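As the structure is a prediction and not an experimental result, all values here were calculated from the model. Ligands are counted one by one from 1 in listed order, and the atoms in each one are counted from 1 as well.
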Amino acid sequence: MRTPIVAGNWKMNKTLAEARELVAALRAELTRIAAEGTVQIVLCPPFISLPQVAEMVKGTPLHAGAQNMFWEVKGAYTGEIAPTMLNELCDYVILGHSERRQYFGETDETVNKKVKAALAHHLKPIVCVGENLAQNEAGQTQAVVSTQVRGAFKDLARDDAASIVVAYEPVWAIGTGKAASGAGANAVIGLHIRGTLAELYGEATAQAIRVQYGGSVTPKNVAEFFTQPDIDGALVGGASLVAADFIAIAQAARERALRAA
Ligand code: PEP
């Protein structure tokens with residue numbers, strides 16, 4: 001059985017003071033939800049708030065995560081953050097988010113370098129894949145997600161692959177309020193993402209790898225995703241900035257895990 005994982009991607013939001021306030025509002029309730037170990041919860045603030053958020057979740061079952069990372073460990077890479085800096089602070093790192101691909105030139109090749117660097121430095125990657133609207137409308141979803149999965153997992157051994165979390169995030173659903181349908185997301189994840197992973201690593205490993213859905217998840221629509229057999233939690237953007245909303249989504253993941261037990 002796969003443990004559901006709910007991660008909040010704060011993107012470029014919250015000052016230091018606001019980040020402190022949000023974690024203070026989340027911490028007690030999320031700790032209660034994650035305490036039995038039925039669900040994992042990750043908070044991914046901007047880099048600048050990461051030390052503070054990591055400190056605030058220390059000693060709780062909650063995890064901190066980063067939103068990006070460079071693949072080198074040190075050197076003349078102005079503005080970048082190394083895996084050896086992150087692994088002192090957090091357990092997870094989001095890699096290949098569509099906004100990184102769209103605005104910052106991230107490619108399947110750079111995502112793969114980052115995945116390898118993260119794993120080499122004991123960080124768990126959350127690898128984002130997903131088609132944009134034009135690709136969706138052109139019937140290219142399968143080809144796009146399969147290529148992105150193959151790119152991100154290139155040359156990875158089975159054990160390393162099994163520790164990765166994949167987030168299926170159709171680009172047209174991110175921040176738009178137009179979420180995919182539960183059944184539609186489940187089909188892409190089950191057939192195309194797990195299907196590709198099965199071709200690479202075999203069915204058992206494909207079944208062990210957790211795959212989240214992301215794209216306009218809210219407390220209102222979350223049940224639609226968490227009743228699907230292939231969806232193992234959510235990567236949450238906008239709703240992770242509102243304490244009550246993120247708590248409700250985490251609670252829904254816990255209920256899903258308890259139902260499956
Ligand atoms: C995201 O940023 O990964 C995301 C899914 O955003 P939103 O929930 O706001 O669509």
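The only member of K113, K114, R101 that meets salt bridge (charged side-chain N to carboxylate O under 4.0 Å, His left out) when paired with E106 is K114.
By the 4.0 Å N-to-carboxylate-O rule, D108 lies too far from K154 to be salt-bridged with it. Between R2 and D232 there is a salt bridge, with a side-chain nitrogen of the basic residue lying less than 4.0 Å from a carboxylate oxygen of the acidic one. The pair E203-R194 does not count as a salt bridge, with every side-chain nitrogen at least 4.0 angstrom from each carboxylate oxygen. Under the 4.0 Å criterion applied to side-chain N and carboxylate O atoms, E199 and R150 are assigned as salt-bridge partners.
At least one heavy atom of A173 sits less than 4.0 Å from an atom of ligand 1. By the 4.0 Å heavy-atom criterion, A239 is excluded from the residues contacting ligand 1.
If you number the atoms of ligand 1 from 1 as listed, the ones under 4.0 Å from a heavy atom of G175 come out as 7 (P), 9 (O), 10 (O). The distance from ligand 1 to the heavy atoms of E169 drops below 4.0 Å at these ligand atoms: 1 (C), 3 (O), 4 (C), 5 (C). Of all the atoms in ligand 1, the ones that sit under 4.0 Å from a non-hydrogen atom of L235 are 3 (O), 5 (C). Less than 4.0 angstrom separates some heavy atom of G215 from each of these atoms of ligand 1: 5 (C), 10 (O). The contact set between ligand 1 and G238, taken as ligand atoms under 4.0 Å from a residue heavy atom, comprises 7 (P), 8 (O), 9 (O).
Side-chain atoms of W10 and Q67 form no donor-acceptor pair, as typed in the model, at a separation below 3.5 Å.
Using a 4.0 Å cut-off between heavy atoms, N9 contacts ligand 1 through its side chain alone, with no backbone atom that close.
Listed for the E80 side chain is no donor-acceptor partner under 3.5 Å among the backbone atoms of M69.
Checked against a 3.5 angstrom limit, the closest N/O atoms of G237 and ligand 1 fall inside it. Considering backbone and side-chain N/O of G214, none are found under 3.5 Å from N/O of ligand 1.
Between F246 and L22, the closest side-chain pair of non-hydrogen atoms is not below 4.5 Å.
Of all the listed residues (K178, H97, E99), H97 holds the heavy atom that lies closest to atom 1 (C) of ligand 1.
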